[in-house]
Amino acid sequence: MFAIKQIQREQVGLVAEIIQEAYKEQARLLDITKENYPSYAGFESKTDIEEALSKGFKVCLLYEEKQAIGTIRYWIDRNNKEKGYISRLAVLPTFCNKGGGSLLLKHAENALYARGVKRIEICFIKDCREFEAFYKERGYKVTTDLMVNVLPYGVRYMELNKATNCLVMDQC
């Protein structure tokens with residue numbers, strides 16, 4: 001049985017560990033190291049997470065029974081309260097493909113919608129087709145692809161619009 005809880009400050013190390021473990025294989029496949037691309041999401045540190053929390057970002061942990069197995073981060077755009085962002089969706093490899101990632105994503109979407117967000121943006125490594133398929137299955141649409149100078153790969157942006165993705169019509 002899964003449960004999702006917002007983290008406490010003393011859990012930032014646990015969140016960093018989950019992200020690092022979940023992103024480890026991707027970094028290996030792309031030949032990304034902390035030395036050559038320190039801003040890669042898979043090298044998230046306790047300090048990075050503390051900084052995100054201080055900016056008002058929400059970070060949650062996914063538990064199976066009492067074990068933390070996944071995490072997600074979300075926040076609202078400071079300049080456009082109708083736009084939200086989701087990032088750092090990560091599930092430990094041994095727990096992948098069991099529905100936890102979908103639960104984390106839906107949790108973050110619902111939390112953003114409850115705060116008045118109408119559009120949600122996510123991004124990921126463009127060449128990761130399984131990520132694109134995951135998000136497309138959940139209603140996200142590709143908006144743009146960009147090259148980021150500090151990374152060796154393209155980044156794909158996708159967006160979800162609340163009006164086209166409501167499960168309960170009176171919430172639209």
Side-chain angles (χ1 to χ4, degrees), residues 2 4 7 11-55 57-64 67-77 83-109 111-112 119-161 165:
F2 292 119
I4 298 172
I7 70 162
Q11 294 175 301
V12 295
L14 177 57
V15 172
E17 289 172 18
I18 290 170
I19 291 171
Q20 290 166 13
E21 183 62 29
Y23 284 62
K24 188 187 300 183
E25 179 63 9
Q26 184 181 63
R28 187 191 67 74
L29 290 171
L30 295 169
D31 197 28
I32 297 172
T33 66
K34 197 168 193 169
E35 292 71 37
N36 61 2
Y37 298 104
S39 62
Y40 173 65
F43 304 133
E44 187 89 343
S45 69
K46 289 169 45 173
T47 303
D48 296 328
I49 298 161
E50 288 168 347
E51 184 178 318
L53 290 172
S54 73
K55 291 179 181 176
F57 294 12
K58 304 298 182 198
V59 180
C60 295
L61 282 168
L62 172 69
Y63 293 88
E64 184 176 65
Q67 182 181 357
I69 63 165
T71 184
I72 196 164
R73 177 185 301 171
Y74 58 93
W75 67 98
I76 298 173
D77 190 301
K83 186 172 186 180
Y85 301 91
I86 295 175
S87 70
R88 304 302 192 270
L89 173 57
V91 176
L92 292 173
T94 55
F95 294 93
C96 285
N97 300 310
K98 295 182 180 178
S102 295
L103 287 173
L104 280 166
L105 183 64
K106 186 51 70 180
H107 174 83
E109 290 169 354
L112 288 167
R119 293 180 303 127
I120 299 171
E121 184 177 275
I122 55 94
C123 67
F124 53 89
I125 296 173
K126 179 183 172 189
D127 293 334
C128 291
R129 297 295 178 210
E130 65 274 12
F131 292 172
E132 183 173 344
F134 175 82
Y135 290 113
K136 277 186 174 179
E137 288 171 9
R138 287 148 185 85
Y140 286 78
K141 308 271 187 259
V142 175
T143 56
T144 191
D145 294 329
L146 295 174
M147 287 302 296
V148 180
N149 292 340
V150 296
L151 297 171
Y153 50 79
V155 177
R156 171 151 290 163
Y157 289 82
M158 295 181 80
E159 189 172 271
L160 182 68
N161 287 299
N165 193 48

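Computed from a predicted structure; not experimentally measured.
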message = Assess the residue pair Ile69 and Phe2 against the criterion (side-chain contact (heavy atoms from CB on, under 4.5 Å)); give the C-alpha distance rounded to whole Å, side-chain angles, the decisive distance to 0.1 Å, and a yes or no.
response = CA-CA 10 Å; Ile69 63 165; Phe2 292 119; 3.5 Å; yes
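- Atoms CG and CD, from Leu104 and Glu109 in turn, are 11.0 Å apart once rounded to the nearest 0.5 Å.
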Quiz prompt | Step-by-step side-chain contact (heavy atoms from CB on, under 4.5 Å) determination, Ile49 to Arg73 | solution = CA-CA 9 Å; Ile49 298 161; Arg73 177 185 301 171; 3.9 Å; yes
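- Leu30 has its side chain out of reach of Asp127: every pair of non-hydrogen atoms, C-beta onward, lies at least 4.5 Å apart.
- Between Phe57 and Trp75, the angle of the ring planes stays under 30°, which puts this pair in the parallel group of the 30/60° scheme.
- Expressed to the nearest 0.5 Å, how far CD of Glu17 lies from CD of Gln11 amounts to 11.5 Å.
- Nearest heavy-atom pair, Ala68 versus Leu92, reported as atom, atom and distance to 0.1 Å: O-CD1, 3.8 Å.
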task: Walk me through it: do Tyr40 and Ile125 pass the test side-chain contact (heavy atoms from CB on, under 4.5 Å)?
output: CA-CA 10 Å; Tyr40 173 65; Ile125 296 173; 4.1 Å; yes
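- A distance of 4.5 Å separates CD1 of Ile120 from CD1 of Ile86, quoted to the nearest 0.5 Å.
- Residue-environment remark: NZ (Lys83) exceeds the threshold of 12 foreign heavy atoms within 6.0 Å.
- Here the side chains of Phe95 and Ile18 are not in contact, with every heavy-atom distance at 4.5 Å or above.
- Annotation: side-chain hydrogen bond (donor to acceptor under 3.5 Å, both in side chains) contacts involving residues 88-102, sequence neighbours excluded, comprise Glu44-Arg88, Ser102-Arg138.
- When all heavy atoms are compared, the tightest approach of Cys60 to Ile4 is CB-CG2, 3.8 Å.
- Counting heavy atoms from C-beta outward, Ile122 and Phe131 have side chains that stay 4.5 Å or more apart.
- Atom CZ of Phe43 is separated from atom OH of Tyr23 by 12.0 Å, given to the nearest 0.5 angstrom.
- Here Glu132 pairs with Lys136 in a salt bridge; the nearest charged N to carboxylate O distance falls below 4.0 Å.
- Atom-to-atom distance recorded for His107:NE2 and Tyr74:OH is 4.0 Å, nearest 0.5 angstrom.
- With rounding to the nearest 0.5 angstrom, the CZ atom of Phe134 is 13.5 Å from the SG atom of Cys128.
- A distance-only check finds no donor-acceptor pair linking the side chain of Thr71 to the backbone of Leu61 [under 3.5 Å].
- Looking at Pro93 and Glu25, their side chains never come closer than 4.5 Å, going by heavy atoms from C-beta outward.
- Looking at heavy atoms from C-beta onward, Ile32 lies in side-chain contact with Tyr153 at the 4.5 angstrom threshold.
- Here the closest heavy-atom approach between residue Ala22 and residue Ala90 is recorded as CB-CB, 3.7 Å.
- Here the shortest heavy-atom pairing between Tyr157 and Val155 reads CE1-CG1, 3.7 Å.
- By the 4.5 Å heavy-atom criterion applied to side chains, Arg129 and Arg156 are counted as neighbours.
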